[in-house]
Amino acid sequence: MARWKELPAALDSRERRLVAELRRLKDHSGLSLAALAAKTAYSRSSWERYLNGKQPVPREAVEQLARVCGTEPTRLTVLHDVAVRARQPAAGAAAPKAPEEQEDAPAQEAAPAPPDAAPPQGDGDGGQPGDRRGRTVSAGWFLAGIAATAAVAFTAGLLAGGAWTGGGEAAGAVQTADAAAGGKSGYRRGVAYPCEVKREGAELRAGHGTSRTILLDTNSTGFDVVEVQCLLREHGFDPGSTEGLYDQATKDAATRFQKARGLVADGIVGPKTWGELRK
């Protein structure tokens, strides 16, 4: 299968992670871009742009790719949502300007009444009701702008700090995306992480991740890779390292494990391999 083009250097790390996962899923399925176009609502040229980072991938395209490849889409749609949020702060930063632009409108409505007009009743202290209404509306817009700014800052903080967590497959996807962006508990390359494998319920866990679906292949990095390396070692297929880099030694160990379990021996860790590793 032809090698993928290098992704644009300016592509955000969270967008890059999403595209890398979509590429792996497409490669694992064996489908060409033309075959993918025939099975989805998107053209071959559209898939070429999406999978080479030239254009953001629509959520519907992510869902269709997952269905065509026989994968539950939740993990990928969470990665997509993280990537979308990464693109929003720049647009959100302009939002507080709206109150300033609107501030002039009430002032125009509050123009003095003609000399012959009777003063409106019911404003208590005898001040100009139009001016007071203009100030009230302007203050409302100003407070709304502050709230919008706070919401954008809070969302950005959650994404940058890896604080947005959930359960099951969605949590695993968010943790992986955050790890690619330098978040999740400070994953660092070159550090040999300990393997403390124990059984929790019906599953084996090494304490570095809970995923059962994420695709891992050569050059994948992060705590999900550490989890795989520890579980491979626990089953007697030592990858030689627990540093979180899916290198050739890890792929060879995964291939041997897949052969022993009667799986497709391609060295790519997917849902079926995860299921066997967790047993």
Side-chain angles (χ1 to χ4, degrees), residues 14 17-18 20-21 24-25 28 66 70-79 81-82 158-159 161-218 220-247 249-279:
R14 285 151 287 196
R17 181 62 179 176
L18 171 63
E21 291 297 324
R24 289 194 188 99
L25 185 59
H28 198 50
T71 297
E72 208 285 322
T74 301
R75 173 180 57 82
L76 292 172
T77 55
V78 170
L79 285 174
D81 292 345
V82 170
L158 288 179
L159 291 173
W164 179 35
T165 59
E169 296 172 0
V174 174
Q175 290 170 353
T176 300
D178 288 341
K184 206 238 175 191
S185 303
Y187 167 75
R188 291 180 297 164
R189 290 192 181 188
V191 175
Y193 290 91
C195 292
E196 299 178 0
V197 180
K198 58 185 178 180
R199 187 166 293 280
E200 296 184 10
E203 293 188 343
L204 284 178
R205 293 189 179 180
H208 299 288
T210 60
S211 178
R212 292 178 60 93
T213 58
I214 190 167
L215 292 173
L216 298 175
D217 197 2
T218 304
S220 293
T221 59
F223 286 108
D224 289 307
V225 179
V226 178
E227 184 80 3
V228 165
Q229 291 171 329
C230 288
L231 293 176
L232 284 170
R233 179 174 292 175
E234 178 70 13
H235 285 289
F237 299 87
D238 192 353
S241 168
T242 58
E243 296 180 358
L245 170 63
Y246 203 99
D247 55 11
T250 301
K251 185 161 187 170
D252 290 343
T255 301
R256 295 195 304 273
F257 174 79
Q258 290 167 332
K259 286 180 180 178
R261 294 303 177 96
L263 302 174
V264 175
D266 56 7
I268 299 175
V269 175
K272 292 182 180 178
T273 304
W274 274 113
E276 292 297 319
L277 287 169
R278 294 290 187 194
K279 290 183 178 179

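When reading the values below, keep in mind they use all heavy atoms of this one structure, side chains included, and skip hydrogens, waters and symmetry mates.
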J.: Would you name the heavy atoms of H208 and P194 that are closest together and state the gap between them?
T.: NE2-O, 2.7 Å
J.: Whether the side chain of R14 engages the backbone of R17 through a donor-acceptor N/O pair (distance < 3.5 Å, no angle test) should be reported.
T.: no
J.: Please check if atom CZ in R199 has more than 12 non-hydrogen atoms from other residues, nucleotides or ligands closer than 6.0 Å.
T.: yes
J.: Determine whether V226 and E243 satisfy the following criterion, side-chain contact (heavy atoms from CB on, under 4.5 Å), listing intermediate values before the conclusion.
T.: CA-CA 6 Å; V226 178; E243 296 180 358; over 6 Å; no
J.: Donor-acceptor check, side chain of R278 to backbone of S211, threshold 3.5 angstrom: yes or no?
T.: yes
J.: Mind checking what makes ring-ring contact (aromatic ring centres under 6.0 Å, His included) contact with F257, not counting sequence neighbours?
T.: H235, F237
J.: Is there any salt bridge (charged side-chain N to carboxylate O under 4.0 Å, His left out) pair reaching into residues 253-262, and which pairs are they, with sequence neighbours excluded?
T.: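 Only R261-E276 qualify under salt bridge (charged side-chain N to carboxylate O under 4.0 Å, His left out).
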J.: Check side-chain contact (heavy atoms from CB on, under 4.5 Å) between R188 and all other residues, then give those that pass, not counting sequence neighbours.
T.: V191, Y193
J.: Can you name the nearest heavy-atom pair linking P239 to A249, along with the distance?
T.: O-CB, 3.4 Å
J.: Give, for atom CG of L232 and atom SG of C195, the distance between the pair rounded to the nearest 0.5 Å.
T.: 10.0 Å
J.: Could you tell me whether the side chain of R212 reaches within less than 4.5 Å of the side chain of E203, counting heavy atoms only?
T.: yes
J.: If we ignore hydrogens and angles and just use 3.5 Å, is the side chain of E196 paired with the main-chain N or O of G207 as donor and acceptor?
T.: no
J.: Please round to the nearest 0.5 Å and tell me the distance separating atom CG of L245 and atom OG1 of T218.
T.: 9.0 Å
J.: Under the ring-ring contact (aromatic ring centres under 6.0 Å, His included) definition, can you give me all pairs with a residue in residues 258-279, not counting sequence neighbours?
T.: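 Listed by first then second residue: nothing to list.
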J.: Could you tell me whether the side chain of T242 reaches within less than 4.5 Å of the side chain of V225, counting heavy atoms only?
T.: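 Side chain of V225 against side chain of T242, heavy atoms only: no contact under 4.5 Å found.
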J.: Taking side chain as C-beta onward, heavy atoms only, is R24 less than 4.5 Å from S220?
T.: yes
J.: Taking only residues two or more places apart in sequence or in another chain, which ones pass side-chain contact (heavy atoms from CB on, under 4.5 Å) with E200?
T.: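 Testing E200 for side-chain contact (heavy atoms from CB on, under 4.5 Å), a comparison that skips the adjacent residues, returns K198, R205.
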J.: Only distances under 3.5 Å count here; give the side-chain donor-acceptor pairs of residues 262-273 to other protein atoms, sequence neighbours excluded, each with its distance to 0.1 Å.
T.:
unit_1, atom_1, unit_2, atom_2, d
D266, OD1, I268, N, 3.0
D266, OD2, H28, ND1, 3.2
T273, OG1, Q258, NE2, 3.0

J.: Can you measure from CG (D224) to OG1 (T213) and round to the nearest 0.5 angstrom?
T.: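 Between D224 CG and T213 OG1, I get 9.0 Å after rounding to 0.5 Å.
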J.: Quick one, R75 and I214 - any side-chain contact, counting heavy atoms below 4.5 Å?
T.: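 Contact flag for R75/I214 side chains = yes.
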J.: Evaluate the side-chain proximity of V197 to L231: yes if any heavy-atom separation is below 4.5 Å, no if none is.
T.: yes
J.: Quick one: list whatever passes side-chain hydrogen bond (donor to acceptor under 3.5 Å, both in side chains) with T250, sequence neighbours left out.
T.: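 Scan of T250 (side-chain hydrogen bond (donor to acceptor under 3.5 Å, both in side chains), adjacent residues dropped) gives Q229, D247.
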J.: With sequence neighbours excluded, give me every salt bridge (charged side-chain N to carboxylate O under 4.0 Å, His left out) pair touching residues 228-242.
T.: R233-D238
J.: Does G209 offer a backbone N or O that forms a donor-acceptor pair with the side chain of E227 under 3.5 Å?
T.: yes
